[in-house]
Amino acid sequence: MSEGLGENSRLLDYSGKMYNQEENGNVLQLRDWLDDPYEQVSELPSQRYAGTDDGKLTQLAVTNNKFPPPAAVKDNPQQPIRLAKVAALSSLMLVSLVTSMFYIEESKDSYLMTSCKSAMKTITIDDISYCNRLAIEITGNIEDEVYTEPLNGTIKIILKKSMTNQTGDIVIDDPVYIKPTRERTTKIKEMTKIEHLFTIDSLKNCARLSLIAEPKDENACASVNLSYQCRSPAQDYSVVVALILLVVVYALIMTEIIHRTSAALLGASLGVAALSILNMRPDLEMILGWIDWETLALLMGMMLMVALLADSGFFDWAAVKMYELSKGRIWVLITLLNVGTAVMSAFLDNVTTILLITPITITLCQVMRLDARKVILAMVMFSNIGGASTGIGDPPNVLIINSPLLKSITFGKFTGHMMVGAVFCFLAAYLYFWLMLRRSSKSLIVQDSGVQELLREAQLWQRIADRSYIGTTDEVAVKDMLAGKAAQVKRLAEERVVTPTEVTNTYNVNLPKLRAQYGIRDKGKLVKTAIVLIICIVLFFVYSLPVIHTTPGEVAMAGAIALIIVIDHHDMEGLLHKVEWATLMFFAGLFIMVECLEKLGLIGTLGEFAASAIKSISIDYQLAAAISIILWMSAIISAFIDNIPFTAAIIPVISQIVEETDVPLEPLVYALAFGACLGGNGTLIGASANVVAVGIMEEKGYKVSFFEFAKIGFPVMIVTVAVAHVYLLVCHCVIGWGNG
């Protein structure tokens, strides 16, 4: 930036200010010059300037002191703002911790109750000081449907208030009817669980509450586990609390006030605090159970194996081979990457695909002087699209295939229907990127620092000219002179801009150099790593078979451990430093926060709203409306909330809609799958693959903000979901495919 500034210069943090110290000992001191947050790094006549982290333009003045005295350093005007930010966030964290400390853990009283042959059973509740809501949970050999009228073979469960003023008992007018199954023995994990909430208008003069089970006839005989928990009136506002929590966390992530990992962990702490205040505080075992350890194990295991594979030089060699295959043509290379990523994601999970492909892509972009951020973000979009095409490509699809409520949806049926739609979505996304990137291929190329400096200087001259006041003839002349200077500098920059044609023309010159520079560094390590990785990938393909009793997370961790032993790797600290711990912590915090949102009732409320909207529509248009509502609701929510817990919460809602309406099951299942998978492209944290890719890029020095991702991803989400919408309407409303 300043004349004489060496390539080996380094930044020092001295007394709250930033300095750039050269090899000769000179220090370039940053001084505030222009308080304009929109100015960027640029060169002005006879002076050099640089932009600080807060966006202000500062003048670089060369000093001859190797270590300037503290008195000469100007106070940082941003320091009070930074301290206020830290104080506010620390206060939030402290409040959440203190709140959790002073509230007891959620407890439920459980009873084993046998009701048979018209004999009533009663459970008395004495502690009713704040029991305006009574939540009950019934587990046993019962049907998964809750009845609202006394059918033959059902057991009626009511709540009764015993009064102290001799007015008699009062029955709460909200009974629930359960029906025992004919099976006498069932595995505990397969027993049906039914939940119900009794609302109590007033506890005035109430001495105690009683839960009563009354069989209708002799055929109504069951032994069930019944648990109950009193809830306070404050829980009526739990959905509002959940919305506030979600908005606060997303505001922190979008504005990047703090790192997204810190925001997710803060959201998890605030979520637990909110549950504690509402008398639903979870214990540590429950909180740890909310974390999807399967996903974290898969990520960590693959990160370790990818790191060991990178040490062998495989990714550099593969990048040269793809460069050779594309003949140095930019769009051919991008097409190969996107098609390959989509196909791999269809049969592997998309997180594994991104972990394998991203290092190759970064090397390729460095070789061809491409903007790695745009290329990799496009690749992530196609990874999510490809993952939607099969029953194992994306976690929501795995949940759908394995759900006991959707037993009629087989793997083959699901994959056959989804793959056809995913192909249309792929073509639409490809066309979108072709229109967006093909017309502006120059924007894909990373220009050298001199060109970027000239372009920024031209922008600054033009802004100064636009802000100049026009009054006299001399002022008009000055404005014209400034505009002319901007045009002159811009022309100079454009003459030095590297075009896509020039990048392609350097292929024959670059290829021999790349072959000599990039190759396999350790063939023995490559062979061992490849064998273990291939075995893991094969197990990823077949893990859904009933004869395979393992999971992708177990396979990945076992593969990483085996590889470390086989290679006899000694530098464990160096290897562990290559694990994206910030990404893993982000997922852990996000899983806890989303579970808190579900416990607070946000996801269930959205599902109930969708169900009510579908039921209110005329039967003639009910199928089209149900597909539209489920698809777009799933897509939009999955863009902002992790799609795994959302899918798990919506599956029972879909089952309920099918039972209470004439809407067939399959169209709603496919709408949910398309929405949950394609909606992940909308924002940075919409899908696991997005977070993993951005984490790898940040490790390599490519920073991607929330808005930069959304600028590309959200339009892709809209386009692909719209295509999936048309596909589903044609298949199920016009053709009637799978509506039987």
Side-chain angles (χ1 to χ4, degrees), residues 331 334-343 345-346 350 353-354 371 373-390 393-394 396-397 417-441 443-444 624 627-641 643 646-647 667 670-690 693-694 704-734:
W331 195 250
I334 293 175
T335 301
L336 289 173
L337 287 171
N338 291 337
V339 172
T341 301
V343 172
S345 296
N350 48 13
T353 301
I354 290 300
D371 187 346
R373 298 180 303 169
K374 293 181 180 178
V375 176
I376 292 175
L377 289 185
M379 192 176 68
V380 172
M381 309 295 165
F382 286 101
S383 174
N384 290 327
I385 294 171
S389 62
T390 67
D394 217 7
N397 294 358
H417 199 297
M418 293 293 295
M419 188 168 288
V420 176
V423 170
F424 288 118
C425 293
F426 177 93
L427 294 175
Y430 184 85
L431 178 62
Y432 172 81
F433 277 107
W434 187 86
L435 294 173
M436 183 181 71
L437 299 178
R438 185 83 175 186
R439 294 181 178 179
S440 57
S441 298
S443 65
L444 282 173
I627 291 173
S628 304
I629 293 173
I630 295 296
L631 175 68
W632 285 100
M633 182 186 73
S634 302
I636 293 173
I637 294 176
S638 294
F640 296 95
I641 298 178
N643 53 18
F646 170 76
T647 303
Y670 301 138
L672 172 62
F674 273 119
C677 295
L678 300 179
N681 282 332
T683 66
L684 190 153
I685 64 175
S688 303
N690 306 355
V694 171
V704 179
S705 69
F706 184 93
F707 287 106
E708 285 174 333
F709 190 101
K711 185 178 179 181
I712 297 176
F714 207 83
V716 172
M717 184 199 81
I718 297 297
V719 170
T720 53
V721 173
V723 170
H725 192 188
V726 174
Y727 168 73
L728 291 172
L729 291 178
V730 171
C731 286
H732 300 289
C733 297
V734 178

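Only heavy atoms go into these numbers, but all of them, side chains included; no hydrogens, no water, no symmetry mates.
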For this session: Starting at CZ of F714, measure out to OG1 of T683 and round the result to the nearest 0.5 Å.
Result: 8.5 Å

For this session: Write down the atom of H725, the atom of S628, and the distance for their closest heavy-atom approach.
Result: NE2-OG, 2.8 Å

Seminar exercise, completed: So SG of C677 and CG of L672: to nearest 0.5 Å the spacing works out to 8.5 Å

For this session: If the plane angle is over 60° it's perpendicular, under 30° parallel, otherwise tilted; pick one for H417 and Y727.
Result: perpendicular

Exercise. Which atom names give the shortest non-hydrogen contact between T647 and P396, and what distance separates them?
Worked result: OG1-CB, 3.5 Å

Seminar exercise, completed: All heavy atoms of G387 vs all of N397, minimum pair found to be O-ND2, 3.3 Å

Seminar exercise, completed: Closest heavy-atom pair, N681 versus F709, reported as atoms and distance to 0.1 Å, is O-CE2, 3.6 Å

Problem set entry | W434 side chain reached by T335 side chain, heavy atoms, under 4.5 Å | no

Exercise. Say you draw a straight line from CD1 of I385 to CZ of F424; how long is it, rounded to the nearest 0.5 Å?
Worked result: 14.0 Å

Exercise. Distance from I630 atom CD1 to F674 atom CZ, nearest 0.5 Å?
Worked result: 15.0 Å

Seminar exercise, completed: Rounded to the nearest 0.5 Å, the NZ atom of K374 sits from the CD1 atom of I334 at a distance of 10.0 Å

Problem set entry | Pair F433-I712, side-chain contact (heavy atoms from CB on, under 4.5 Å): steps then yes or no | CA-CA 9 Å; F433 277 107; I712 297 176; 3.8 Å; yes

Exercise. Going from CG on N690 to CD1 on I685, what distance comes out if it is rounded to the nearest 0.5 angstrom?
Worked result: 9.5 Å

Exercise. Considering only heavy atoms from C-beta outward, does the side chain of V721 approach that of L631 to under 4.5 Å?
Worked result: yes

